2 protein chains.
Amino acid sequence: MSTPPTEVFRRYLSAMVLNSLATAEAAGLNATDYYTLNLLDLSGPLTSGELAVRTGLTTGATTRLIDRLEKAGHVRRVPDPADRRKVIVEATGQLAGLDEVLAGTRRRIGELLGSYSDDELATLFDYFRRAATAYTEATDELIGARQG
Amino acid sequence: MSTPPTEVFRRYLSAMVLNSLATAEAAGLNATDYYTLNLLDLSGPLTSGELAVRTGLTTGATTRLIDRLEKAGHVRRVPDPADRRKVIVEATGQLAGLDEVLAGTRRRIGELLGSYSDDELATLFDYFRRAATAYTEATDELIGARQG
DNA sequence: TCTAATATCTGCAAGGAAGCAGATAATTCC
DNA sequence: GGAATTATCTGCTTCCTTGCAGATATTAGA
């Protein structure tokens with residue numbers, strides 16, 4: 001009596017969610033800040049206004065959000081040379097400062113991936129690539145109700 | 001010039017984190033509440049005290065946490081027949097009420113998984129199963145500093 | 001049985017994130 | 001060049017979560 005597929009996937013999802021939230025917590029980030037860092041990681045630099053739209057916050061709250069992230073060294077404000085009213089927000093590194101916190105997780109997942117053959121890895125990374133797109137589309141749809 | 005593996009994986013992770021946080025937000029759950037529901041999903045019913053330890057909250061804050069989740073219909077309090085001081089907290093369903101919110105994500109991932117052969121699916125689900133263990137261990141390690 | 005320990009809950013206060021409205025600076029359009 | 005628009009920021013207030021300390025109920029131990 002093996003575990004059914006949907007159950008396996010559900011456990012995988014829950015385990016990842018717990019891990020990501022525990023990681024954020026350990027790094028001293030609240031949900032909004034963690035969300036924003038992942039957003040910048042995925043989308044690249046965004047203006048303050050774009051961040052406001054993508055996070056669903058007001059521009060005022062977004063200014064405070066950027067303040068927090070900048071103070072913690074996670075992002076930096078860069079003036080937009082083309083429009084000096086705008087502020088471009090870019091991450092200072094790959095989720096700067098999370099490295100120590102992520103180490104244990106990275107090591108375990110790295111070892112796990114190392115146990116697969118090249119063919120299997122090709123399958124897994126094909127999934128990772130396509131799932132990233134699927135998740136991003138699903139997220140946009142989820143947030144879409146808010147933006148239009 | 002294809003994308004390097006670590007970059008693919010990083011994008012996958014970020015996309016999942018954004019999706020999970022957007023899901024929680026859409027369901028009206030804050031990070032703590034969402035964490036707790038996933039914890040109950042993964043661990044099964046826990047007492048109030050156990051929840052306090054696993055979330056890192058005080059027992060007082062944990063009472064309020066359970067109040068919120070119970071009011072929203074996500075969990076129910078069950079008296080422990082063996083020790084009537086204790087309160088066992090169990091989820092009312094699989095992340096009750098999140099179904100509509102998760103629909104778009106589930107459909108996309110379902111379609112994606114449907115595009116793989118049986119052999120490939122075996123590889124993917126082997127990964128899901130083992131990665132769940134790896135993430136859980138990494139989470140415990142991350143939280144361990146707090147508990148011991 | 002009486003006392004100590006344990007589990008949960010409640011009252012109160014503190015801290016932080018967010019909204020709102022108005023201020024400031026820069027750009028666009030006529 | 002001047003008015004209207006746009007982008008970000010600031011002051012103030014509100015709401016929500018959490019901690020802390022003490023209350024209550026139950027169990028365990030001498």
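Every chain is numbered from 1, with letters handed out A, B, ... down the list of sequences. In this text, all values refer to a predicted model and were calculated from it rather than measured experimentally. These numbers come from the heavy atoms of this one structure, side chains and all, not from hydrogens, waters or symmetry mates.
Not one N or O on the side chain of A:T62 forms a donor-acceptor pair closer than 3.5 Å with the backbone of A:L51. For B:E50 (side chain) and B:T47 (main-chain N/O), a donor-acceptor pair under 3.5 Å exists by modelled atom type. With A:E137 contributing its side chain and A:A134 its backbone, the two residues share no donor-acceptor pair below 3.5 Å.
Under the side-chain contact (heavy atoms from CB on, under 4.5 Å) criterion, B:S43 pairs with B:L39, B:L46, B:R54, not counting sequence neighbours. B:R64 is linked by a side-chain hydrogen bond (donor to acceptor under 3.5 Å, both in side chains) to nothing, counting only residues two or more places apart in sequence or in another chain. With sequence neighbours excluded, the residues that form a side-chain hydrogen bond (donor to acceptor under 3.5 Å, both in side chains) with B:R77 are B:D67, B:E70. With sequence neighbours left out, A:F125 forms a ring-ring contact (aromatic ring centres under 6.0 Å, His included) with A:F128. Listed by chain and number, the residues in a side-chain contact (heavy atoms from CB on, under 4.5 Å) with B:S20 are A:V17, B:Y34 (sequence neighbours excluded). Residues satisfying the side-chain hydrogen bond (donor to acceptor under 3.5 Å, both in side chains) test with A:R84, not counting sequence neighbours, are none. For B:T105, the side-chain hydrogen bond (donor to acceptor under 3.5 Å, both in side chains) partners two or more places apart in sequence, or in a different chain, are B:N19.
For DNA chain D, none of the residues of residues 17-24 of chain A falls under the heavy-atom distance limit of 4.0 Å.
Using a 4.0 Å heavy-atom criterion, one finds that B:T47 contacts the sugar-phosphate atoms exclusively. Contacts of A:T63 with the nucleic acid, taken as non-hydrogen atoms under 4.0 Å apart, include base atoms.
Note: B:Y127 and A:Y12 have perpendicular aromatic rings, judged against thresholds of 30 and 60 degrees for the angle between ring planes.
The distance between atom CG of A:L51 and atom C1' of D:dC9, rounded to the nearest whole Å, is 15 Å. At whole-Å resolution of the value, CG in B:L65 and P in D:dT17 are 10 Å apart. One atom, CG of A:D80, and another, P of C:dA25, lie 19 Å apart when rounded to the nearest Å. Regarding B:R84, its CZ atom lies at a distance of 18 Å from the P atom of D:dT24, rounded to whole Å. Remark: C1' of D:dT5 and CG of A:D83 are 12 Å apart, rounded to the nearest angstrom. If you measure from atom NZ of B:K71 to atom P of D:dT17, you get 10 Å, rounded to the nearest angstrom. What separates CD1 of B:I88 from C1' of C:dA7 is a distance of 13 Å, to the nearest Å.
With the nearest nucleotide of DNA chain C identified for both B:I66 and A:A82, B:I66 has the one nearer the 5' end.
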N/O contacts under 3.5 Å, protein versus nucleotides 13-17 of chain C?
residue, atom, partner, partner atom, Å
C:dA17, OP1, A:N30, ND2, 3.3

For nucleotides 3-6 of chain C, tabulate all protein N/O to nucleotide N/O atom pairs closer than 3.5 Å, reporting atom names and distance.
residue, atom, partner, partner atom, Å
C:dT6, O2, B:R85, NH1, 2.8

Please tabulate the protein-to-nucleotide N/O contacts below 3.5 Å involving nucleotides 20-22 of chain D, giving atom names and distances.
none

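With A:L18 as the fixed residue, the side chain to side chain contact (heavy atoms under 4.5 Å, CB included) test singles out one of B:T136, B:D41, B:N38, B:L142: B:N38.
Identified under the salt bridge (Lys or Arg N to Asp or Glu O under 4.0 Å) test for residues 115-129 of chain B, with sequence neighbours left out: B:D126-B:R130.
Checked for salt-bridge contact, B:E7 and B:R10 meet the test: a charged N lies under 4.0 Å from a carboxylate O.
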